[in-house]
Amino acid sequence: MNAITVSVIIAYLLLLVLIGWYSTRASSGGVSDFFLAGRGLGKFTVALSAVSSGRSGWLVLGVTGMAYASGLNAVWALTGYITVEVLLFYFAAYRYRRYSELYDAITIPDILATRFGDKSGLLRVTASLIIVFFMVAYVGSQLVAGGTAFSSGLGISPTAGLWATAAIILAYTMLGGFHAVSKTDVLQAIFMLFSLVILPLVAIINLGGFGPIIATMNQLGGGFSDPFVFGFGAIMGLLGIGFGSPGNPHILVRYMSLKNINEMKQAALIGSIWNVVMGWGAVMIGLAGRVYFPDINMLPDGNKEAIFPMLGQHLTNPFFLGIFLVAILAAIMSSADSQLLVGSSALVRDIYHRLFGGDREIPEQQLVLYSRLATALLMGMAIILALGAKEFVFWMVLFAWGGLGACFGPPLLLSLYWKRTTRWGVFWGMVSGLVTVVLVKKQPVWTVPLLGDVKAFFGKVLFGITYEAVPGFLVALLVTVVVSLLTQPPADAAEKLEKIAA
Amino acid sequence: MTFGIFLALFGIPLGILALSAILYVTVKDPENAAGKGVDA
């Protein structure tokens, strides 16, 4: 590996730790500072952080690879989640932000528990366990991906790369909490955007224009020239990725951290543009890459997801290759740090402080210390999983995005918009969403005689849509509504919703 | 360039950006909606 490329990567990593160190003081005031930056972030930070924390290595490696291998169906994978996130940012984000301030809600379980006056801890515990479960697996998978990226970037072993990814993320997240995570998200978003814009532009200019890409697409035919060649179920399944966005806590808490609620619209506009440019940049890299590498066997191990670094290496100098490799690390780290912090907030804020703390006054400084320790504990669990149970980690992550969307999406949206929503509705909505996603994704054999083939059933009912987030979301929605109608809503529901809508 | 390619590479992203622009113009800030006129 070239010394300039390595220097760019090392400089980036040092910058991350520096941001963490710089943010230490700002994040030490209390849990609100550590987990939500004291609701004091600007519109740019919130916009870029909300977008980049939601896009993991999946965008820079997965989507580019999908566009390279099968053409325009990658566009459907982007369209669903970006459209949903536009709507979330313009509508639901206001309510999250306002609710957070009015009812001192720092976490997603906080919102559910306070919205329904749940003193039993049922909602808080259920939501926290689901969050910790998914987030540890999510972080574990990002560590594995980071290890691979480090090994290709710095020429070290994947295991050493995994440890390096974990050490860097842990250092700045423990030190700077949400302040550091959101600021590094901005830096990471800039690297990602720069790479996803510059690389396709260089590729197009180098080809002498857009013509050769179109010619290759027409020549390949099929999904390269016609986005509708894929079946209805496949297209709707890819659009269904959007069902994950309303329920992924590491995205939603970003909305709650905006300082001035009147800047939400600007944040929404900035975030939408950012999301579109990054998404279509990734698609263009895949399509342009097909011209430069017409045969997949020209990529290392025939791996389509290597198209981004390979195109960067082919077209630019060692300095820019360093930037492109940093963009891959940035995509991975910006998700992992946010997920780590959300898991840690569930442990300290929800389980330790709110559930076991009772009426006891716990000094804020002590809670921040415990939050830092919880961050280290969760990272330790993620490392153990990543080192020892890779299969399990990948299996978990396959449905983490959709699983969180199904568990939390309908219960949260209904809690913020429908006064008739009840505690039991939300509880059973979360449980049914989780169970449906698991059954559709990987149904245990022993349940087949009892329930039949759940995936085949939903495939038939939903016109061939088999992406688990879609049936999971719809079942959770239906169950939350039906159970809510059968049970009694809290007396102050209308007043609360009126306040957050005002 | 076929219609499909044009739609996928330009139509959809521009459509999403147009949606965002329309919402930016039409969605009212909550304070304004309540008649508090923050931006007025």
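Since we're looking at a predicted model, the values are computed, not measured. Below, chains carry the letters A, B, ... as their sequence lines are ordered, and counting in each starts from 1.
Only the side chain of A:Leu287 comes within less than 4.5 Å of a heavy atom of chain B; its backbone N, CA, C and O stay farther away. Using a 4.5 Å cut-off between heavy atoms, A:Phe224 contacts chain B through its backbone alone, with no side-chain atom that close. Of the two parts of A:Tyr90, the backbone and the side chain both hold a non-hydrogen atom closer than 4.5 Å to a non-hydrogen atom of chain B. A:Met284 touches chain B through its side chain: at least one heavy atom from C-beta onward sits under 4.5 Å away, while N, CA, C and O do not. For B:Phe10, the part lying near chain A is the side chain, with the backbone staying farther off; criterion is any non-hydrogen pair under 4.5 Å.
Closest approach of B:Leu9 to A:Met217, counting heavy atoms only: CD1-CE, 4.4 Å. Residues A:Gln266 and B:Tyr24 share a closest heavy-atom pair of CG-OH, 3.6 Å.
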Q.
For a side-chain contact (heavy atoms from CB on, under 4.5 Å) check, start with the C-alpha distance between A:Ile214 and B:Ile5, then their side-chain angles and the critical distance, and finish with the verdict.
A. CA-CA 8 Å; A:Ile214 298 294; B:Ile5 294 175; 3.8 Å; yes
Q. Can you check side-chain contact (heavy atoms from CB on, under 4.5 Å) on B:Leu23 and A:Phe91, steps first, answer last?
A. CA-CA 9 Å; B:Leu23 291 175; A:Phe91 296 106; 3.7 Å; yes
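Side-chain N or O atoms of B:Ser20 include none that pairs as donor or acceptor with a backbone N or O of A:Ser272 at under 3.5 Å. At distances below 3.5 Å, not a single donor-acceptor pair connects side-chain atoms of A:Trp280 with backbone N or O atoms of B:Ile12.
Heavy-atom pairs under 4.5 Å with chain A peak, among B:Ile16, B:Leu19, B:Leu7, B:Leu14, at B:Ile16. Interface summary for chain A: among B:Gly4, B:Gly15, B:Pro13, the most heavy-atom pairs under 4.5 angstrom belong to B:Pro13. With chain B as the partner, the residue from A:Leu269, A:Asp226, A:Val86, A:Val283 showing the most heavy-atom pairs under 4.5 Å is A:Leu269. Heavy-atom pairs under 4.5 Å with chain B were tallied for A:Thr79, A:Leu87, A:Asn275; the largest tally goes to A:Thr79.
Atom CZ of A:Phe210 has more than 12 heavy atoms from other residues, nucleotides or ligands within 6.0 Å. Crowding of A:Tyr292 atom OH: a count of heavy atoms from other residues, nucleotides or ligands under 6.0 Å exceeding 12.
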